[in-house]
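Encoded as structure tokens, the structure appears first; notes follow it.
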Amino acid sequence: MNTSSLRGIYKLPVAERIARLEEGGWLDADTAARLRDGHHVVSVGAADRMIENVIGVFGLPFAVAPNFVVNGRECVVPLVVEEPSIVAGLSSAASLAKRSGGFEVENAGSLLIGQVHVTGMADPDHAISAVENAKSELLAAANAVHPRLVERGGGARDIELRLFALPDGSPLLAVHVLVDTRDAMGANLVNSICEAIAPDIAAVCEGEVALRILSNLADRSLFAARARFALDAEVSAAIALANDIALVDPYRAATHNKGVMNGVDAVAVATGNDWRAIEAGAHAFAAAAGHYRALTRWTVADNGDLLGEITIPLKVGTVGGTLSSNPAAALGLALTGAQSAEELAGVMAAVGLAQNFAALRALATSGIQAGHMKLHARSVAAAAGASGEQFDQVVKELVASGEIKDWKAREILADVQGAKTEEPDGSAAGKVILLGEHGVVYGRHALALPIPDAVHVRLTATDALSHKLPEKYVKRLLAELGVEDTNWHIDVASRLPFGKGLGSSAAVAVATARAFNAKLGLGLDVAAINAVAYEVEKLAHGTPSGIDNTLATYAAPMLFRNAGGLQYDALDLAEAPPILVAWGDETGRTDEQVAGVRKRHAQATAHFDAIFDEMDRLSRDGADLLVAGQWQELGALMNLCHGLLNGIGVSTPALERMVSLARQAGATGAKLTGAGGGGSIVALCPGTIDEVREALRQGGYNTL
Ligand code: NAD
């Protein structure tokens with residue numbers, strides 16, 4: 001059996017969460033690929049066939065809550081909801097419940113009530129006995145409406161009667177037809193039954209049909225879920241008290257039940273069910289005793305554990321409705337693993353109880369607001385443009401400020417960025433290879449762009465050398481520079497991620513060399529700085545091509561090659577290229593990738609050489625296109641180069657995903673950049689940079 005404990009899934013980027021679900025057996029490869037590519041979403045055409053006056057489709061976050069065990073079955077629960085904290089609350093409640101065996105759910109059948117309302121009866125008592133007498137004929141007529149439903153084991157089961165007086169005193173008979181709709185929610189099935197048998201009922205009652213439609217007070221489809229939570233007795237008592245309050249105070253009960261429905265509705269939407277029907281039923285049932293009250297009961301066991309129970313009407317479907325037209329709903333339903341509508345309703349009942357537990361525990365302990373605010377701060381920080389290393393700092397300061405507002409996030413972000421841009425003692429550029437990586441190791445040309453002003457270094461005099469860089473790296477640098485006075489603190493501020501193929505180590509070497517050159521008046525010229533950095537690079541990359549340190553030093557677009565010595569032509573561009581760089585968690589090791597290619601090159605030398613020749617041509621032609629600003633054509637060459645890099649075995653599924661997201665969002669060219677095996681991609685996005693950035697961020701990737 002698959003385990004629903006997807007430990008640490010909340011820390012992963014979106015693409016890797018999907019991979020975890022695939023590995024765990026919760027998604028098949030096709031579904032995972034559709035999710036990754038965003039192809040699971042209902043199309044505008046399909047939406048146009050669902051309702052009237054469609055102008056588009058509306059997105060909502062689609063998430064999963066792990067850790068659920070319902071009647072002994074592990075399940076991952078799909079949730080579609082825009083409110084922060086619900087998913088986290090559910091995951092943690094389910095995990096705690098799992099330790100005591102999970103959720104037990106029971107139901108005594110699942111029937112939907114169809115109503116035929118009859119008025120104008122001269123003798124209501126006679127009408128009641130006439131309907132009782134005609135019951136079997138009426139049920140037979142009802143079952144003749146949907147023979148397929150009867151074949152599936154469903155159909156009309158019973159007829160019940162309720163007599164009312166209308167406000168003018170005249171009698172109203174509500175004739176209830178109880179229908180087993182099997183795996184369908186059943187609204188249309190039952191409505192058509194009501195419409196078909198209403199004339200017979202009116203005739204039997206000697207009255208007139210007023211209305212004929214299902215009831216959403218689905219109290220013949222009640223689901224009871226129970227769970228035990230091992231808690232501190234004091235917390236258990238506080239939760240039980242919170243529940244008691246919601247049993248007597250309807251104002252509190254409304255908020256209490258809203259929490260329950262936070263979970264139930266999110267599953268309903270994710271599985272294509274009619275959440276308005278479920279809401280209507282739940283609240284009507286909550287008021288059935290005569291006053292509106294909590295749907296749950298919480299009590300404290302003798303050992304201090306908390307015992308929870310919910311009873312809720314849930315008439316849901318695993319067939320029908322929008323399930324066949326909305327691929328996201330079908331995906332959500334498949335994730336639940338539910339084999340029947342009753343099993344799905346059981347999961348929803350468990351989710352309702354779990355969500356109520358999460359809300360009450362937060363209320364009874366630390367207060368619901370703190371957790372909420374942290375999650376809210378994360379979305380505000382992201383919207384303000386915080387990313388990478390700055391993200392956590394902006395979130396932290398935002399929460400501390402108590403002003404979780406967009407303007408505040410922007411202010412904090414500006415401060416954080418400002419702190420990094422304080423006048424440095426030395427600075428250097430990062431690099432992004434546009435065309436020709438790996439070919440360059442075999443003497444072919446490559447084309448690269450600088451990432452200007454990417455690393456800043458400041459030196460402060462102290463009484464001992466201090467820094468956060470690798471020790472041997474600093475030692476070599478100081479030796480190459482001939483620095484003897486080492487009582488300095490080296491402070492590095494970098495906007496480059498480390499190990500993502502963006503030349504971060506060379507940029508740090510160049511910026512640090514420049515800082516010492518300036519502080520100590522070493523009198524080194526640019527070429528000497530470049531040479532020092534090249535020596536240090538050998539520590540990081542074994543036999544580097546020299547491109548990283550050259551770009552870091554000269555910070556200019558370049559076409560270069562290393563044929564027994566680095567040769568480069570700095571390029572003068574007509575306009576800055578619309579470039580976006582993106583990376584995920586995967587890190588590639590240049591030395592390993594170069595060694596891998598070397599091995600494969602030895603196995604098929606002539607073919608690999610032909611590829612390197614083609615890379616050479618792409619780089620040289622690409623340089624002309626770059627200078628002229630011909631982005632469409634340059635993009636096409638980048639795509640070709642990516643194909644070749646994939647061909648020589650340096651791409652990864654994560655890089656392919658990023659490339660495909662970028663191209664789908666409108667990049668004219670997208671390819672891996674650097675050695676591969678992880679790291680970054682570069683995308684050329686004339687006029688689409690915002691769309692591509694957004695698509696990559698939504699995929700869980702960082703962008704620059
Ligand atoms: P439906 O109209 O799609 O009917 C279900 C279909 O599935 C039937 O044709 C049935 O024959 C078929 N089916 C296949 N396999 C089945 C199985 N194993 N068990 C049962 N049926 C099976 O859907 P529905 O459930 O009758 O109606 C639900 C829809 O009605 C929802 O979209 C809802 O929004 C809407 N609706 C709701 C209300 C309300 O709640 N007040 C009113 C009107 C319409």
Side-chain angles (χ1 to χ4, degrees), residues 70-73 103-116 131-132 135-136 138-162 174-194 197 213-227 260 264 267-268 271 273-275 277-289 295-297 309-321 333 336-353:
V70 181
N71 286 347
R73 186 174 72 85
F103 298 84
E104 290 300 325
V105 185
E106 279 174 3
N107 68 307
S110 176
L111 302 175
L112 187 60
I113 302 169
Q115 294 191 295
V116 177
V131 174
E132 293 285 1
K135 205 185 245 186
S136 45
L138 290 171
L139 287 175
N143 281 327
V145 179
H146 293 299
R148 294 277 293 129
L149 182 62
V150 177
E151 279 167 33
R152 286 194 181 95
R157 294 281 186 255
D158 202 359
I159 289 183
E160 291 178 352
L161 301 167
R162 302 170 74 241
V175 180
H176 284 193
V177 190
L178 308 186
V179 186
D180 178 347
T181 61
R182 307 311 284 169
D183 291 322
M185 179 254 179
N188 293 316
L189 291 171
V190 167
N191 288 348
S192 51
I193 289 176
C194 291
I197 67 170
I213 191 168
L214 83 154
S215 168
N216 285 113
L217 175 47
D219 61 3
R220 294 308 174 96
S221 186
L222 291 179
F223 284 77
R226 290 179 200 90
V260 169
V264 175
V267 186
T271 56
N273 273 285
D274 182 341
W275 75 95
I278 298 173
E279 281 276 344
H283 296 294
F285 180 69
L295 288 163
T296 52
R297 301 285 179 276
E309 179 173 351
I310 185 171
T311 305
I312 181 169
L314 286 164
K315 194 70 193 79
V316 298
T318 53
V319 295
L333 181 62
T336 66
Q339 299 299 316
S340 67
E342 292 188 23
E343 207 176 339
L344 177 62
V347 171
M348 286 187 185
V351 167
L353 185 64

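In this text, all values refer to a predicted model and were calculated from it rather than measured experimentally.
Taking the side chain as every heavy atom from C-beta outward, T271 and V316 never approach each other to under 4.5 Å. Under the 4.5 Å side-chain criterion, counting only non-hydrogen atoms from C-beta, N71 is in contact with E104. Inter-residue side-chain proximity for L189 and I193 is flagged as unmet; no heavy-atom pair is nearer than 4.5 Å. When side chains are defined from C-beta on, V175 counts as touching I159, because their heavy atoms get closer than 4.5 Å. The shortest side-chain heavy-atom distance between L214 and I113 does not fall under the 4.5 Å cut-off.
Side chain of D183 to main chain of T318: no donor-acceptor pair is present (N/O by atom type, distance under 3.5 Å, no hydrogens or angles). Side-chain atoms of K315 come within 3.5 Å of backbone atoms of A184 as a donor-acceptor pair (strictly under, hydrogens ignored). At least one donor-acceptor pair under 3.5 Å links the side chain of S221 to the backbone N or O of L314.
We find the NZ-CD distance between K135 and E160 to be 7.0 Å, quoted to the nearest 0.5 Å. Distance check, rounded to the nearest 0.5 Å: NE2 of H146 to OG1 of T181 gives 10.0 Å. Taking CD1 from I197 and CG from N143, the interatomic distance works out to 9.5 Å, rounded to the nearest 0.5 Å. Once rounded to the nearest 0.5 Å, the distance linking CG of L353 with CE of M348 reads 15.5 Å. From I310, atom CD1 reaches atom CZ of R226 across 12.0 Å, with rounding to the nearest 0.5 Å. Atom OG1 of T336 sits about 7.5 Å away from atom CD of E343, to the nearest 0.5 Å.
Considering every non-hydrogen atom in both M185 and A277, the closest pair reads CE-CB, 3.8 Å. Closest of all the heavy-atom pairs between A142 and A156 is CB-CB, 3.7 Å. Here the closest non-hydrogen pair linking L139 and D158 is CD2-N, 3.8 Å. Heavy atoms only, all atoms of each residue included: G317 and N273 are closest at N-OD1, 2.8 Å. Of all heavy-atom pairs spanning L112 and S215, the tightest one is CD1-O, 3.9 Å. Residues A282 and L295 approach most closely at O-CD2, 3.7 Å, considering heavy atoms.
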List the atom pairs, with distances to 0.1 Å, where a side-chain N or O of residues 147-155 and a protein N or O form a donor-acceptor pair under 3.5 Å, not counting sequence neighbours.
unit_1	atom_1	unit_2	atom_2	d
R148	NH1	E151	OE1	3.0

